[in-house]
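Working notes for the structure below.
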Amino acid sequence: MVRQEKAHVIVIGGSIGGCIASLAIAKMGLNVIMTEETDWLGGQLTSQAVPPDEHQWIEKFGCTTTYREFRNRVRAYYKKNYPLTKEAKANDILNPGNGWVSRLAHEPRVALKVMEDMLSPYINSGKIRVLLNYKVEDASTSGDHVTSIAVQHLSHTEKITLTGDYFLDATETGDVLPLAGVDYVVGAESKKTTSEPHALEQENPLDVQSFTYVLAVDYVADGNFTIKKPEQYDFWKGYIPSFSDLPLLSWYAANSADTTTLKEFTLFPNEERIPSLFTYRRVLDVTNLEEELYEGDISLINWPQNDYFLGSIIDVPEAERQKNLHAAKQLSLSLLYWLQTEAPRLDGGQGYPGLRLRKDVLDTKDGLAKYPYIRESRRIKALYTITENDVSRDTKGYGGIRTYFDSVGVGSYHLDLHHTTISNRTFYNPSYPYEIPLGALLPIRVKNLLPACKNIGTTQLTNGCYRLHPTEWNIGESVGYLAAYAILNQIGVHEVRENDTHLEAYQKLIEGKGIQRHWPEDMDLN
């Protein structure tokens, strides 16, 4: 028997965007049902094990008030619960892992705890109901409206049909869009379609960005924690990608300063100043602790060497999808085995057997993240599509930040495209800080389904800068308030943008809730 559940808003996906959309809706006094495929809420921050990628102004401005609250709560959690040194406790901008990719590199479990704490008043009061381990299975529609969405539990036969006024797709790959008949794109668009200088000549929906299975390790200098040789190790050890003359499992990867060249890396900090990948996403630095609580620093391995680009997991047959997911796991485990046994050391030796797979850090049996780190999703065909011409410094020249009459937030990150599955291209270009136009959040046709993750109206290229943590957070929050505003005012979400009075009222609402819509006019863009 299929159970029926109803709420004002149904949020499919407990990603960053899904969680914060749910929080915004509940704050407006409405009821939410949020489903999540894994048993951890928080998406990139938790189940995908990716510390926040942020812009250079993040400590002062350029994010929503709730995102700043999250960051403050993470630091407060360490200061309250961990035996930090006096220096660490006194550090207002504490970076728990001192990772160099993030100003706030921290353990996924801490992010999970903070996210749950922020949601807890609304979960405990019943405003938000969370269904963990449920995957979207089907959707029903009537004309241009979604009428219900069916979800299936992953470990037993229970199926639930969910109904509401609005439905939010906050899944990592836009899973609701094809089921609900929402017009969308995926993969690489053509120059003819987007007018982007760096788009491909021909579109290819299977040419999507690589995804990664992150794993957690620590290092115990005199230990030997070498894992069993992965079944695909020999393949990955010998695999030479099209963009290199060296094996993928090496200390060389694409140079972001010039993606036609390779850059050398190594494992640990060194006198030769070769970049250290262990400290890249290190999430716990024991020098911040006054007690010997951890045997060694903890780092998350999410490197160019374990980006999987041999096939897509979007809009391919299920057998192919599972094959690529398995191969991506094998790649990450093969990278670890190579590091433990064969990786060249700067002292002339080989291998670091003291690297230990920390299954407990990510709460999984295989030590890999609960869900792959997804960089690219299906993307709605929106009323407004953000292109390279809106954000690229090269394309815009000295044009500066593009402003939108319907802005609902801000963000900033490079145009960062990881190697794709068909052309194997990579793209890294400086961008201006950007705004989030409401038009990019509105499907061209469907009236009551909204994107709340990485599935907004961007191109493949601009997805490369709109996909990061603070921007996804802002997207989810703005979409949550949009759905709530529409319900409470008994209008459609498209009318909010079309009607000047409603647009002004909605923008005033989100500004009052702490959402920054424009960048400071006097900020230094250099």
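Atom set for the values below is all heavy atoms of this structure, side chains included, hydrogens, waters and symmetry mates excluded.
With Y184 as the aromatic partner, R379 does not meet the cation-pi criteria of under 6.0 angstrom to the ring centre and within 45 degrees of the ring axis.
Taking the centre of each ring, Y352 and F268 come in below the 6.0 Å mark. Ring-centre distance between W519 and W57: below the 6.0 Å cut-off. Aromatic ring centroids of W303 and Y280 lie 6.0 Å or more apart.
Formation of a donor-acceptor pair under 3.5 Å by the R375 side chain with backbone atoms of Q209 is not found in this model.
The distance from the NZ atom of K329 to the CG atom of L215 is 12.0 Å, given to the nearest 0.5 Å. Taking CD of Q340 as the reference point, atom CG of L335 lies at 10.0 Å (rounded to 0.5 Å). Atoms NE2 and CG, from H106 and L45 in turn, are 5.5 Å apart once rounded to the nearest 0.5 Å. Separating the CD atom in E116 from the CH2 atom in W40 is a distance of 9.5 Å, to the nearest 0.5 Å. For the atom pair Q56 CD and E59 CD, the distance stands at 12.0 Å (nearest 0.5 Å).
Note: W236 and Y308 have perpendicular aromatic rings, judged against thresholds of 30 and 60 degrees for the angle between ring planes. Ring-plane geometry between Y134 and H153 is classed as perpendicular, the angle between the planes exceeding 60 degrees on a 0 to 90 degree scale with a lower cut at 30.
Exactly one of R71, R68, K60, R103 qualifies for a salt bridge (charged side-chain N to carboxylate O under 4.0 Å, His left out) with E54. That residue is R71. When each of Y413, Y67, Y434 is tested with T471 by the rule side chain to side chain donor-acceptor pair (under 3.5 Å), just one qualifies, namely Y434.
A donor-acceptor contact closer than 3.5 angstrom is absent between the side chains of N463 and T459.
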- request: Report the C-alpha distance between D207 and T420 in whole Å, list the side-chain angles of each, state the deciding distance to 0.1 Å, and finish with yes or no for side chain to side chain donor-acceptor pair (under 3.5 Å).
  value: CA-CA 6 Å; D207 195 22; T420 59; 2.8 Å; yes
- request: Walk me through it: do K454 and E472 pass the test salt bridge (Lys or Arg N to Asp or Glu O under 4.0 Å)?
  value: CA-CA 7 Å; K454 295 181 283 290; E472 184 188 327; 3.8 Å; yes
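Contact check on D416 versus R467 returns a salt bridge, with a Lys/Arg side-chain nitrogen under 4.0 Å from an Asp/Glu carboxylate oxygen.
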